[in-house]
Protein chains: 2
Amino acid sequence: MPDRLPPLTALRAFDAAARHMSFAKAAEELHVTPAALSFQIKSLEEHLGTQVFRRLNRAVELTEAGRAMAPGMADGFQTLAAAWRAAERTLDNETLTVTAGPAFTAKWLAPRLYEFAQAHPEIELRFSATLKLVDLTRDGIDVAIRFGTGTDEGVYSYPLPADEWVCPVMTPEMAARFPTPDSLRDATLIFDDSIAFLKPPANWDTWFRMMGIDFAPKAGPRFSQADHAIDAALAGVGVALGRRSVVIKDLDDGRLVAPFPNALDTGVRFRFLCNKGAEMRPQIVAFRDWILTEIAKTEHITDRMIRKPSSDFQPE
Amino acid sequence: MPDRLPPLTALRAFDAAARHMSFAKAAEELHVTPAALSFQIKSLEEHLGTQVFRRLNRAVELTEAGRAMAPGMADGFQTLAAAWRAAERTLDNETLTVTAGPAFTAKWLAPRLYEFAQAHPEIELRFSATLKLVDLTRDGIDVAIRFGTGTDEGVYSYPLPADEWVCPVMTPEMAARFPTPDSLRDATLIFDDSIAFLKPPANWDTWFRMMGIDFAPKAGPRFSQADHAIDAALAGVGVALGRRSVVIKDLDDGRLVAPFPNALDTGVRFRFLCNKGAEMRPQIVAFRDWILTEIAKTEHITDRMIRKPSSDFQPE
DNA sequence: GCATTCACATAAGCTATACTTAAGTGACCA
DNA sequence: TGGTCACTTAAGTATAGCTTATGTGAATGC
């Protein structure tokens with residue numbers, strides 16, 4: 001990378017001016033006088049050999065050259081600022097920003113938040129419930145909990161020791177009405193499309209096939225998020241095929257029951273991700289250890305299950 | 001965007017040092033003395049409040065804070081440099097960098113290159129044959145020719161006045177052997193998967209359906225790039241369903257013939273894309289006008305075709 | 001084992017970059 | 001027509017960023 005860039009302060013001045021479309025506003029943002037900003041722009045124009053702003057009576061507008069570089073300059077300075085904030089965050093051992101999918105956030109993290117705060121009062125947890133995330137540094141995230149088959153290239157990736165199985169869950173009242181797997185033919189079955197992307201599908205069809213029941217349910221409420229499907233089951237709407245991570249707390253607390261211990265194992269695990277080298281920061285260590293102990297606490301539920309890989313029950 | 005960034009020269013020094021993992025090399029890159037670079041890093045560390053490099057005997061290594069910001073700094077400065085080059089390119093009216101898909105590049109642009117050079121000796125054309133392209137500015141591209149249904153948000157988009165139809169093409173010798181559409185049942189049919197993504201498919205099945213021939217060919221050589229399919233047809237391998245843009249030059253020159261004038265219209269057009277505001281740059285105007293006249297030159301071939309939308313011949 | 005070398009740190013001093021204040025220009029507006 | 005607004009220009013100044021020169025500590029070589 002050669003250093004054929006003009007003075008960086010001139011670029012920063014241009015960026016601010018282009019964003020505000022005003023030298024005066026840009027000068028204010030940078031805490032300098034309008035005169036200083038005017039000189040910076042002029043210097044930039046001398047380096048480039050052409051105008052970047054067209055000066056109008058009471059306004060300025062970008063020239064073609066200015067338009068060509070404005071978006072890149074804005075993007076570049078944003079990236080630099082994000083990188084700087086990332087460095088600053090490494091000094092802060094009292095906050096921890098975690099991202100996870102909506103279902104994991106709502107059904108696994110949120111109900112346990114109080115316990116984490118008890119165990120680590122010095123750490124302030126922040127959440128970002130989204131599936132879209134590409135760059136931990138850029139988005140100011142310390143830890144990401146992810147499900148599925150990602151590449152995890154260039155980041156620290158730790159698979160959580162908890163296979164994600166699915167099995168029918170319902171309220172205790174509902175369980176009384178449907179005493180056998182076969183009786184589920186008459187139940188309202190709730191569909192969770194959130195794991196439809198899994199290659200050997202772990203859905204109702206597969207589950208009934210595992211049970212040796214010739215039944216391929218079609219009708220029933222569908223939800224794109226796993227936590228919504230479970231909320232429906234909790235409300236007594238019907239029987240859901242619940243994912244371990246999403247239902248385990250409700251099973252542990254007795255709000256839901258899994259009367260049939262036959263579970264389909266998806267073979268996929270959640271991964272604990274953070275930037276390389278960040279895995280030994282105190283909050284991150286504390287958070288990971290806490291997740292592991294929380295998983296261990298519900299191990300007895302998984303142990304009761306008869307788990308078989310969903311790949312064993314595919315048609316053909 | 002507040003200006004809570006440390007001095008930019010210090011960031012640039014850090015970026016160079018992190019990329020080279022050496023203060024001395026970084027100093028060389030920036031054309032300053034190692035002492036200057038050492039001061040810059042020190043100043044950065046004072047701003048941050050912690051070390052960014054750990055000084056070893058004969059080397060340096062990044063601390064956690066340094067690792068946190070190094071990738072972002074590299075990315076940010078690259079982005080700034082790309083934006084600056086984009087501005088410089090607007091001053092250069094003698095080169096024009098064009099990107100297009102491999103097939104369009106090979107079969108439309110390349111055979112006409114000489115003519116463009118004749119018409120515009122002052123413009124140096126450069127090509128980048130790829131389908132993967134997101135950012136014109138970042139990748140140093142002036143013009144992109146794209147096919148399909150893109151959003152074209154934030155860029156200047158001009159649909160080229162040439163509907164992309166497909167029809168059977170073959171060598172003249174081959175045409176003698178297969179005098180009727182129905183006789184194609186016995187021909188080697190070449191499959192082009194490059195437009196398999198089209199929603200009303202424009203493939204052999206659809207074409208035979210249009211011709212009222214009950215024939216759904218399965219076997220035959222398949223190519224993922226349209227130009228390879230046409231190359232096979234040119235070599236006498238068989239009959240290809242050729243896309244207008246890819247075969248029109250060979251049809252015009254007589255290397256291929258289209259004995260059956262029934263063509264399926266995909267309803268999709270190529271678009272001519274450039275950055276907003278760049279559409280009046282002289283090379284870009286010249287290039288666009290030249291493309292339009294070249295299209296007009298082969299209008300007589302299209303006019304001979306009986307074109308019908310592929311959506312008219314879908315099953316069900 | 002001692003001198004050499006290599007890579008970075010530090011000191012002292014200089015220069016030019018980036019800033020300030022103050023005055024100027026031209027266009028819009030009341 | 002005078003006031004205001006937004007940017008420009010001029011002149012002067014402070015300091016950021018650079019240089020040369022010297023210092024430090026740990027590998028390397030003889």
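We find that CZ of Arg54(B) is positioned 18 Å from C1' of dA9(C), with the value rounded to whole Å. What separates CG of Leu37(B) from C1' of dA16(D) is a distance of 15 Å, to the nearest Å. Summarising the geometry, the separation between CG on Leu30(B) and C1' on dG17(D) is reported as 12 Å, rounded to the nearest angstrom. In this structure, the CG atom of Leu11(B) is 15 Å from the P atom of dA16(D), given to the nearest Å. Rounded to an integer number of Å, the gap from Glu46(A) CD to dT8(D) P is 12 Å. If you measure from atom CZ of Arg12(A) to atom C1' of dT17(C), you get 13 Å, rounded to the nearest angstrom. The CD1 atom of Ile41(B) sits 13 Å away from the P atom of dT10(C) (whole-angstrom rounding). If you measure from atom CD of Gln51(B) to atom P of dC8(C), you get 14 Å, rounded to the nearest angstrom.
Neither OP1 nor OP2 of dT17(C) sits under 4.0 Å from any side-chain N or O of Gln40(A). For Arg55(B), no side-chain nitrogen or oxygen approaches OP1 or OP2 of dA7(C) to under 4.0 Å. OP1 or OP2 of dT8(D) lies within a sub-4.0 Å distance of a side-chain N or O belonging to Ser38(A). For the pair Thr33(B) and dT19(D), the criterion of a side-chain N or O lying under 4.0 Å from OP1 or OP2 is met.
Residue Ala24(B) is classed as a sugar-phosphate contact, given heavy-atom separations below 4.0 Å to backbone atoms only. Looking at heavy-atom distances under 4.0 Å, Ala35(B) makes contact with a base. Counting any heavy atom pair closer than 4.0 Å across all strands shown, Ser43(A) reaches no nucleic acid atom. Counting non-hydrogen atoms under 4.0 angstrom, Thr9(A) reaches the backbone sugars and phosphates but no base.
Comparing Phe39(A) and Ala59(A), the nucleotide of DNA chain D nearest to each residue sits closer to the 5' end for Ala59(A).
Annotation: side chain of Tyr156(B) is not in contact with side chain of Asn275(B) (no heavy-atom distance under 4.5 Å). The side-chain heavy atoms of Trp108(A) and Glu294(A), taken from C-beta on, include a pair separated by under 4.5 Å.
Salt bridge present: Glu45(A) and Arg55(A) bring a charged side-chain N and a carboxylate O closer than 4.0 Å.
Using the six-membered ring where Trp is involved, Phe104(B) and Phe270(B) have ring planes that are tilted, between 30° and 60° apart.
Of the candidates dC19(C), dC8(C), dC7(D), the closest approach to any side-chain atom of Phe23(B) belongs to dC8(C).
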Run Ile145(B) and Phe272(B) through side-chain contact (heavy atoms from CB on, under 4.5 Å) and show every step you take.
CA-CA 5 Å; Ile145(B) 309 286; Phe272(B) 179 101; 3.8 Å; yes
